[in-house]
Amino acid sequence: MKLLLVLMVLACRELVTEEWRLLLTKLVRQWRDSVLRFSQTRKESALVVLAFIVSIPALLIFALLLLVSGEAFGLWTYLLAVVVLVPVFVDRRLPSVFLSYRQQWLNEDAEDVPRPSLAEARLQLMTCYLEELFTPLFWLFLFDVWGIVVVSVYYSLRLCVEQSNMADVATHAQRFVVWMNWIPSRVLALSFALAGQFVDTWTYWHENISYTQILPVEFIDAAAERAEGAERALDPSPIALVSSLAAYDALCYRSLIIWVVLLALHMLF
């Protein structure tokens, strides 16, 4: 049942349109904005505001799970997981990073405008994949159905980072997001080694796995560069840039397949 749930939310992620994304995430965004507006009038501490935004949805989901989890993974538990997880996974950057940069690089009308570098595009691509896909999946895989509570916490933190009404709240939320990304980033980098050039990526992973000064996104960005080969960044032509970014995009998809296959094998054995 969990594998079916994962496949369903991944399918929703790929099929969602901008209109549906806004509709499905409207409730949680309204909750965040309401708390922020209320706290601004009362001059509450940023940590208190952040804790309130994050904890109330998580506690509600936890209480509902206790009510419906009489069976190991019953129908009501499954439905609750779908209601919680679908908005999280469909809340993605649209158009995607790849499509956005492809348009910029191949736009003949913008020849006089400096083109973004491949390193910049790759970093944004890895940020989106880590925060929108792999970190939520990791916590769901690790804690089974109870992982939707952790995913809810992570998603609320992400939303707080995105807002600009209270900079202190965004700063604290970003710190917690980095912490929650740390372990998933190490697992994802190892997946890059399996899906790309193993030796170079494994060497980097082994030498830097415990180095806490590297941000999770920077860690997987460097691992992705080694998995696909650093020589991709040498050709500055638009076609080469698009091809290179497409290869990094494909690397993430291959890693996702590895995760899903491992989940399937875990459930079988």
Side-chain angles (χ1 to χ4, degrees), residues 1-13 16 19-92 131-166 168-181 183-184:
M1 188 74 77
K2 186 168 71 171
L3 178 60
L4 179 62
L5 173 65
V6 169
L7 294 176
M8 178 180 176
V9 297
L10 291 178
C12 290
R13 170 183 165 84
V16 69
E19 292 75 15
W20 276 103
R21 183 186 75 85
L22 294 174
L23 179 63
L24 291 171
T25 62
K26 183 178 180 180
L27 182 61
V28 287
R29 291 179 184 276
Q30 285 182 336
W31 162 251
R32 176 202 64 186
D33 294 340
S34 298
V35 175
L36 289 174
R37 284 194 299 268
F38 179 76
S39 62
Q40 284 178 321
T41 62
R42 298 177 60 88
K43 306 296 183 182
E44 294 290 349
S45 165
L47 275 175
V48 172
V49 175
L50 179 63
F52 194 74
I53 293 174
V54 170
S55 63
I56 297 302
L59 289 174
L60 178 60
I61 295 169
F62 182 78
L64 290 174
L65 273 177
L66 289 177
L67 291 175
V68 302
S69 62
E71 302 178 9
F73 203 91
L75 176 62
W76 290 109
T77 306
Y78 178 79
L79 291 177
L80 177 61
V82 169
V83 170
V84 174
L85 293 177
V86 167
V88 174
F89 283 93
V90 302
D91 194 0
R92 59 179 299 190
E131 296 184 352
E132 297 172 0
L133 181 60
F134 284 104
T135 294
L137 277 179
F138 174 83
W139 294 115
L140 181 62
F141 289 173
L142 184 63
F143 292 111
D144 200 66
V145 65
W146 297 99
I148 67 175
V149 178
V150 184
V151 171
S152 171
V153 170
Y154 181 77
Y155 182 53
S156 295
L157 290 170
R158 261 184 55 202
L159 291 180
C160 289
V161 172
E162 294 174 5
Q163 59 82 31
S164 57
N165 294 326
M166 293 185 67
D168 290 345
V169 172
T171 300
H172 289 301
Q174 181 62 51
R175 186 179 301 114
F176 289 114
V177 165
V178 169
W179 291 348
M180 294 188 72
N181 282 339
I183 298 178

Pairwise distance [atom1]([X]) to [atom2]([Y]) - rounded to 0.5 angstrom:
X	Y	atom1	atom2	value
Gln174	Arg158	CD	CZ	11.5 Å
Leu47	Arg175	CG	CZ	7.5 Å
Leu137	Leu142	CG	CG	12.5 Å
Tyr154	Phe138	OH	CZ	12.0 Å
Leu85	Met8	CG	CE	10.0 Å
Leu65	Thr77	CG	OG1	6.5 Å

Look only at the side chain of [X] and the backbone of [Y], and say whether a donor-acceptor pair between them is shorter than 3.5 Å.
X	Y	answer
Ser156	Ser152	yes
Thr135	Asn181	no
Gln163	Leu36	no
Trp31	Ile56	no
Arg92	Glu132	no

Determine the minimum heavy-atom distance between [X] and [Y], stating which atoms define it.
X	Y	result
Asn165	Gln40	O-NE2, 3.2 Å
Glu44	Val48	OE1-CG1, 4.4 Å
Cys160	Val169	CB-CG1, 4.1 Å
Ser55	Ala51	OG-O, 2.6 Å
Leu133	Phe89	O-CE2, 3.8 Å
Leu24	Pro87	O-CB, 3.6 Å

Should [X] and [Y] count as side-chain neighbours, where that means a heavy-atom distance under 4.5 Å?
X	Y	value
Arg29	Glu162	yes
Pro136	Tyr155	no
Leu80	Val145	no
Met180	Val150	yes
Val6	Phe141	yes
Leu159	Asp91	yes
Val161	Leu157	no
Ile53	Val49	yes

Step by step, would you call Leu50 with Phe176 a side-chain contact (heavy atoms from CB on, under 4.5 Å)?
-> CA-CA 10 Å; Leu50 179 63; Phe176 289 114; 3.8 Å; yes
Just wondering, more than 12 heavy atoms not from Phe62 lying within 6.0 Å of its CZ?
->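 Atom CZ in Phe62 is not packed in, count stays at 12 or less.
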Hey, mind stepping through Val28 and Val88 against side-chain contact (heavy atoms from CB on, under 4.5 Å) and telling me if it holds?
-> CA-CA 10 Å; Val28 287; Val88 174; over 6 Å; no
In terms of the angle between their ring planes, are Trp139 and Phe143 parallel, tilted or perpendicular, with boundaries placed at 30° and 60°?
->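 Aromatic pair Trp139/Phe143 classed parallel.
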